[in-house]
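The structure appears right after this line, and notes come after that.
As a basis for the values below, the full set of heavy atoms in this structure was taken, side chains included, without hydrogen atoms, waters or symmetry mates. Throughout, protein chains are lettered first and strands after them, A, B, ... in sequence-line order, and every chain is numbered starting at 1.
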Amino acid sequence: MKYLTEFRNGEIAQRMAREIAAITTRPWKIMEVCGGQTHSIIRNGIDQMLPAGIEMIHGPGCPVCVTPLELIDKALAIAAQPGVIFCSFGDMLRVPGTECDLFQVKGACGDVRVVYSPLDAVELAAKNPDKQVVFFGVGFETTAPANAMSVHLAKRRGLKNFSLLVSHVLVPPAISAIMESPGHPNGEDLPLGTPGNKVQAFLLAGHVCSVMGYWEYPPLAEKYRVPLVVTGFEPLDLLDGIRRAVVQLEAGRHEVENAYERVVTFEGNRAAQKLLGEVFEVTDRAWRGIGVIPKSGWRLSDAYREFDAEERFQISGIHTQESALCRAGDVLRGAIKPAECGAFGKECTPRHPLGATMVSSEGACAAYYNYGRFLSAEELAKTVVSCQ
Amino acid sequence: MCLAIPGKVEEITTEGGLRMGRVNFGGVVKRVCLDYVPEVEVGDYTIVHVGFALSKIDEETAEQTLKDFREMGVLDEELGSEEEAFTRAAAAPQSACPGGSCAVEKH
Ligand code: SF4
């Protein structure tokens, strides 16, 4: 395991952590939305460098983890059909469906391929006119421009044998859902730090904002009175994001701030946003473990509906069954830490995952397991007490 | 799939109406779509998401980020070949085992 202190940047990081400690007068709970950031925080032990009162809550931002089980099962059913080439990003291979995963389908009968870019799948469709090529288009706003371009290109090239199994999810509605879930009294002017009011600031995912910019966020900061800080993935970026969130919290401010200026602009990538607006339309989406969040995803718009794999394959008779033990939903909402799940490290390990959060390297459960975080709930509770 | 990786544009071509480029990610070279970044030229650095360049960044930031990502061990996962992805998957979780009926395993 490689902790931050071993990094070339270790000293700067320690200094930044001391700076955060110096300005912290009260306990604060800060959520990093993105799974990549969760991974980086746990891997580098950033949460352990912070003063005791600052608690990092891990958010639902891992697309592998929140893709609904029903859609995984549909993917497995489509991939198993003869005459289909099923393409996916490598991360999806081991996500457990109700009965198996994509990797097992490949071993059994299916033609499952891993591609680097959705354009590779379009290319496969052009080269294999007698096959149906399906791309599993999952992800947040980050992978969307790539998926949008792939359908756009397939349409332009008149490819009738390419389709997209879409499960795009969006960050802003997820923030609203978290703030409005029980324990986050919205609108009531509770003083920050009171127990019912869990997340008090958010780190926004830098790479999502490199596509979308951050013009969508000021209304959220205003409505929920939380600081939102656009933050990168590297250890020092994360510490800087956390520091800026704490500065705002301590001063009672709630603004949108960009701590990732070298990559992210306010507008984001306009060309990408334009095509996204053409190819996709907003829809309600089910998030695995969390449930349906209104207007929280994208599906193909009418003009591109013919490329929707769900329409083309009409898979029915899916009966999903989640593990009764798994508390991934609570983990994804930040309500519990992975180690507080009764199955963590017992029935559920990366070798035998009960939930998707244990599969993806960006899932909070896997990050905790892989980096040896076996704190019991009592130990965790002690940490919380000691900071008050 | 989630990380954007910075790379250096080595060549720009047009393929099937798309602006494409060869981008070097600290040694690994990939074909990348440059349609969303008309401002990017040969020699520039850009951050790339699943084969699509999304914004231009400066060289120093790019090199620093590549270095950090390598230290964090995330480069292979993002840029690995299909074969490597399957090898990783083969070594990864064994079964979904709904309901927790599988053998209990301790760390
Ligand atoms: S530890 Fe396993 S069973 Fe528990 S919430 Fe995480 S994925 Fe689900």
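Residues of residues 264-274 of chain A that come within less than 4.5 angstrom of chain B, heavy atom to heavy atom, are A/N269, A/A271, A/A272 in numerical order.
For a residue to count as touching a neighbouring chain, one of its non-hydrogen atoms must lie under 4.5 Å from one of that chain's; by this rule A/L102 does not touch chain B. The part of A/D120 that comes within reach of chain B is its side chain, from C-beta onward, which places non-hydrogen atoms under 4.5 angstrom from that chain. Contacts of B/L54 with chain A are made by both backbone and side-chain atoms, with heavy-atom separations under 4.5 Å. If you measure heavy-atom distances from A/V138 to chain B, the contacts under 4.5 Å come from both the backbone and the side chain. Only the side chain of A/V211 comes within contact range of chain B, with heavy atoms under 4.5 Å apart.
A/R156 is listed as a side-chain neighbour of B/L18, based on a closest heavy-atom distance under 4.5 Å.
Counting all heavy atoms, side chain and backbone alike, A/L119 lies closest to B/C33 at CD1-CB, 3.9 Å. Of all heavy-atom pairs between A/P118 and B/F52, the closest is CD-CE1, 4.3 Å. Scanning both residues, A/Y116 and B/R31, for their nearest heavy atoms gives CE2-O, 4.1 Å.
Ranked by heavy-atom pairs under 4.5 Å with chain B, the first of A/K106, A/M92, A/R157 is A/K106.
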- Task: Go through B/I57 and A/R262 one step at a time and tell me if the side chain to side chain contact (heavy atoms under 4.5 Å, CB included) criterion holds.
- Result: CA-CA 7 Å; B/I57 55 172; A/R262 53 190 210 276; 5.8 Å; no

- Carefully, step by step, assess A/M149 and B/Y36 under the rule side chain to side chain contact (heavy atoms under 4.5 Å, CB included). CA-CA 10 Å; A/M149 186 66 87; B/Y36 291 132; 3.8 Å; yes

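Listed by chain and number, the residues in a ring pair (Phe, Tyr, Trp, His ring centres under 6.0 Å) with A/F86 are A/F136 (sequence neighbours excluded).
B/E39 CD: more than 12 foreign heavy atoms inside a 6.0 Å radius.
The NE2 atom of B/H49 lies 11.5 Å from the OG atom of A/S117; values are rounded to the nearest 0.5 Å.
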